[in-house]
Q: 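Sharing a structure here in C-alpha cells format.
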Number of protein chains: 2
Amino acid sequence: MLVTEQVPTAAESRGPVCCPTGLTAPLDRETAEDLARLLKAVADPARLQLLALLKASAAGEACVCDLTGPLGLSQPTVSHHLKVLTEAGLLTREKRGTWAWFSIVPGRLDEIAAVLR
Amino acid sequence: MLVTEQVPTAAESRGPVCCPTGLTAPLDRETAEDLARLLKAVADPARLQLLALLKASAAGEACVCDLTGPLGLSQPTVSHHLKVLTEAGLLTREKRGTWAWFSIVPGRLDEIAAVLR
DNA sequence: CAACTGCATCGACGTCTGTCAATGCCTTGC
DNA sequence: GCAAGGCATTGACAGACGTCGATGCAGTTG
C-alpha cells in the first residue's frame, strides 16, 4: 500500500488555514493525458457499438460493410471510428482482397479497464 | 440529420459474399450513449488526477483548496471537474462549514471498468 | 454588522470531436 | 485495359468540451 504524506484535515490544522499542502499529485499531467487518450478511444457510443458488434460476431471479426448498417452511420464515419480504435490498440486491421477485416485484440480491453483500479 | 438508408450487407448484395453473418447490433444506440457518458467522465486527464489524489489521500477525502494546487488549474475549473465526477456517481460532496469535502464512492470505479468486459 | 474566505455559477473563448459529401486509391471481374 | 465496388482520406461544419476571469453566495470571524 502506498503511504502518501499525511494530509492534516482542515479540522486538525490550526487557524482558518485549510491547506498545509504537502499534497503532491501522484499522477503527473503527462501520464494522466496518456491514460485519458486511451479512455477517450472507448468513450464514444459508436465505438462501443463497434466493439460490441465485433465481440458478438461469430468469427470475432467483420468488415466495414457489415458495420455501417447496424450503426446507421455513413461509411466514412465508421471508417474513422475504426481507425481510432485501431490506433488505440483495440483492433487489428487485415486487408483480404477488396475487404478490410477488423478483429478485437484480445486482452486489450481488460488492460484499459485495469487502469481504473 | 440522421441518414437511415439501408445498406445491404455483402451477404445480400451481388458479387462474392463477404460476411454471411446476420450481424445485428447487440448494443443499441441509446444504451451505448449512456455508457459513453459514463466513460467520458473518466476520460479526462484532470479528472484522472483528481481521482488519484483522492485515492492517495489519507482520509480518502479532500476539499477543493487541496486539489487546485497539485493540478495547476484554476479553482472554477477544478470545481467543474469535481461536479462532473460527482454527477457520474464517482464522488460524493459533503459540505462541512466553509469547506466542501469530496470523497470517492467505493466500488463505483470498478462498476465502470466492468463495462469494458 | 461588516469583512473575509471557500466554493459554485456564469459568460466567453479557443480547441477538439463527430459527422457527412466528395474524392481518390486499390483490388477484382469482365 | 476498363468498369465497378470496397475502403481510406480530405475538407467543411456544427456542436461539445476544457479553461479562465468575474461574479455571486453561504458560512466564519472579528
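Each chain gets a letter, A, B and so on, in the order the sequences are listed, and its residues count up from 1.
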Q: Nearest-Å distance, CG (B:Leu82) to P (D:dG18)?
A: 13 Å

Q: I need the CG-C1' distance between A:Leu67 and D:dG6, as an integer number of Å.
A: 13 Å

Q: Tell me whether the side-chain N/O atoms of A:Lys83 come closer than 4.0 Å to OP1 or OP2 in D:dT9.
A: yes

Q: Just verifying a value: how many Å separate A:His81 NE2 and A:Leu51 CG, rounded to the nearest 0.5 Å?
A: 11.5 Å

Q: If you pin A:Ala100 and A:Lys40 to their nearest nucleotides in DNA chain D, which one's is more 5'?
A: A:Ala100

Q: How long is the gap from CZ on B:Arg93 to OG1 on B:Thr86, to the nearest 0.5 Å?
A: 8.0 Å

Q: I'd like to know if the side chain of B:Asp34 pairs up with that of B:Thr31 as donor and acceptor (distance under 3.5 Å, no hydrogens or angles considered).
A: no

Q: So, A:Glu61 and A:Arg96, do they make that salt bridge, N to O below 4.0 Å?
A: yes

Q: Atom CH2 of A:Trp101 and atom C1' of D:dA8: how far apart are they, to the nearest Å?
A: 18 Å

Q: C:dT19 C1' sits how many Å from B:Glu33 CD, rounded?
A: 14 Å

Q: Rounded to the nearest angstrom, tell me the gap between atom CG in B:Asp66 and atom C1' in C:dC7.
A: 13 Å

Q: For the atom pair CG (A:Leu90) and CD (A:Glu87), what is the distance rounded to the nearest 0.5 Å?
A: 11.5 Å

Q: For the CD1 atom of A:Ile104 and the OG atom of A:Ser57, what is their distance to the nearest 0.5 Å?
A: 7.5 Å

Q: Counting only side-chain N and O atoms of A:Arg96, is one of them less than 4.0 Å from OP1 or OP2 of C:dT27?
A: no

Q: Could you please name the option among C:dG6, D:dA8, D:dC17 that lies closest to any side-chain atom of B:Thr98?
A: C:dG6

Q: Which part of the nucleic acid, if any, lies within contact of A:Arg47, taking any heavy atom under 4.0 Å across all strands shown: a base, the sugar-phosphate backbone alone, or nothing?
A: sugar-phosphate

Q: Can you measure B:Arg93 atom CZ to D:dG27 atom P for me and round it to whole angstrom units?
A: 10 Å

Q: When every nucleotide of nucleotides 19-24 of chain D is labelled 5' to 3' by its protein contacts under 4.0 Å (heavy atoms), B for base, S for sugar-phosphate only, - for none, what sequence of letters results?
A: BBBB--

Q: Measure the distance from CH2 on A:Trp99 to P on C:dT28 and round it to the nearest whole Å.
A: 9 Å

Q: What is the separation between atom NZ on A:Lys95 and atom C1' on C:dT28, rounded to the nearest whole Å?
A: 11 Å

Q: Would you give the length of the straight line joining atom CH2 of A:Trp99 to atom SG of A:Cys65, rounded to the nearest 0.5 angstrom?
A: 7.5 Å

